[in-house]
Amino acid sequence: MTIKEHLEVLLAPMMEEGNYFLVDIQVKASKTSQKVIILVDKDEGITIQECTSISRRLAKQLEELEVFAEAYTLEVSSPGLDQPLVLLRQYLKNLGRNLKVTLKTGEIISGQLIEATVEEIKLQLPEPKKKSKIPLDETLLKRDIPTDQISKALVEISFKNL
């Protein structure tokens, strides 16, 4: 069993009992130690205290089971706004927010996330800045994007309403 798989098994009961979901596990090795980064979230958002609690419980289990033979650093946090959305649950959590989606073709599409399924997401595109005399077809302002075509999807940060 790999370290990542071992961590997933140890984290599973904690995720279930706290209604958290595991976003990613990264294990980075250096010459002197390993750094383990665990990204967790919750539909309503996760607090620092919850991350700390998960970290302490996991560290205790790792010590008891002697998972790491050498020094390691454990970091448990929520994915920041700079982290791309990867799970359907993350897309659902961000319904109504603006996304910047980079497709595998390199095309970049920005718009408000209005629907998300396993197969695709739907964005409401912004209205063109130039007003046209021809009435705008609202269906042209929606874009369905198959999830398998998404290279990266980031939540756009807006300070307009603050």
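Note that the structure is predicted; figures quoted are calculated from it, not measured.
Between Arg143 and Glu107 a salt bridge is recorded (basic side-chain N to carboxylate O distance below 4.0 Å). The pair Lys42-Glu50 meets the salt-bridge criterion, with a side-chain N (NZ, NE, NH1 or NH2) lying under 4.0 Å from an Asp/Glu carboxylate O. A salt bridge does not link Lys93 to Asp43: none of the charged nitrogens lies less than 4.0 Å from a carboxylate oxygen. Using a 4.0 Å cut-off between charged side-chain N and carboxylate O, Glu17 and Arg57 make a salt bridge.
Between Pro79 and Val40 the shortest heavy-atom distance is CD-O, 3.4 Å. Considering all non-hydrogen atoms of both residues, Pro126 and Gly111 come closest at CD-CA, 4.4 Å. Taking every heavy atom of both residues into account, Leu74 and Leu62 meet most closely at CD2-CD1, 4.4 Å. Shown here for Ile46 and Ser78, the closest heavy-atom pair between the two residues is CG2-CB, 3.4 Å.
Lys35 contributes no side-chain N or O that, together with a main-chain N or O of Glu75, makes up a donor-acceptor pair within less than 3.5 Å. Formation of a donor-acceptor pair under 3.5 Å by the Glu66 side chain with backbone atoms of Glu63 is not found in this model. Side chain of Glu5 to backbone of Thr2: a donor-acceptor contact under 3.5 angstrom is found. Between the side chain of Thr52 and the backbone N or O of Ile48 there is at least one donor-acceptor pair closer than 3.5 Å.
Both Ile145 and Leu88 sit in one connected hydrophobic cluster of ILVMFWY residues. Membership requires side-chain heavy atoms under 4.5 Å apart, directly or through other members. Cluster annotation: Met15 is connected to Val36 through the hydrophobic network of ILVMFWY side chains, with a link wherever side-chain heavy atoms come within less than 4.5 Å. Residues Leu154 and Ile121 are members of separate hydrophobic clusters, defined by side-chain heavy-atom contacts under 4.5 angstrom among Ile, Leu, Val, Met, Phe, Trp and Tyr. If you chain together hydrophobic residues whose side chains sit under 4.5 Å apart, Tyr91 and Ile108 never meet in one group. By the criterion of side-chain heavy atoms lying less than 4.5 angstrom apart, applied directly or through intervening Ile, Leu, Val, Met, Phe, Trp or Tyr residues, Leu81 is not grouped with Val76; the two fall into different hydrophobic clusters.
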Problem - Full working for side-chain contact (heavy atoms from CB on, under 4.5 Å) between Gln61 and Met14 - result: CA-CA 12 Å; Gln61 289 180 338; Met14 287 183 240; 3.5 Å; yes
Handout entry: Check against side-chain contact (heavy atoms from CB on, under 4.5 Å), Ile109 and Thr102
Key = CA-CA 6 Å; Ile109 306 163; Thr102 305; over 6 Å; no
Exercise for the section: For side chain to side chain donor-acceptor pair (under 3.5 Å), just list the numbers for Gln149 and Lys104, CA-CA rounded to whole Å, side-chain angles, deciding distance to a tenth of an Å, and then say yes or no. Expected result: CA-CA 6 Å; Gln149 297 301 309; Lys104 291 180 178 173; over 6 Å; no
Practice task
Could you check Leu123 against Ile114 for side-chain contact (heavy atoms from CB on, under 4.5 Å), going step by step and ending with a plain yes or no?
Solution key: CA-CA 6 Å; Leu123 295 181; Ile114 54 175; over 6 Å; no
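For the pair Leu87/Phe21, a side-chain contact is recorded, criterion being any heavy-atom separation below 4.5 Å from C-beta on. Annotation: side chain of Ser110 is in contact with side chain of Glu156 (closest heavy-atom distance under 4.5 Å). Leu39 has its side chain within reach of Ser77: a pair of non-hydrogen atoms, C-beta onward, lies under 4.5 Å apart. Taking the side chain as every heavy atom from C-beta outward, Thr117 and Thr147 never approach each other to under 4.5 Å. Here the side chains of Leu10 and Leu58 are in contact, with some heavy-atom distance below 4.5 Å. In this structure, Val101 and Lys152 have side chains that are not in contact, with every pair of non-hydrogen atoms separated by 4.5 Å or more.
In Leu65, the CG atom is crowded: over 12 heavy atoms of neighbouring residues, nucleotides or ligands sit closer than 6.0 Å. Other residues, nucleotides and ligands contribute over 12 non-hydrogen atoms within 6.0 Å of the CD atom of Glu70.
Note that CE of Met1 and NE2 of His6 are 6.0 Å apart. Values are rounded to the nearest 0.5 Å. The CG atom of Leu125 lies 10.5 Å from the CD atom of Gln112; values are rounded to the nearest 0.5 Å. Here the CZ-CD1 distance, from Arg56 to Ile54, works out to 12.5 Å after rounding to the nearest 0.5 Å. Distance check, rounded to the nearest 0.5 Å: CG of Leu7 to CD of Gln26 gives 12.0 Å. Interatomic distance, CD1 of Ile157 versus CZ of Arg97, reported as 8.0 Å (0.5 Å rounding). With values rounded to the nearest 0.5 angstrom, Ser53 atom OG is found 6.0 Å from Tyr20 atom OH.
Under the side-chain contact (heavy atoms from CB on, under 4.5 Å) test applied with Ile25, the options Ile37, Leu11, Ile3 reduce to a single match, Leu11.
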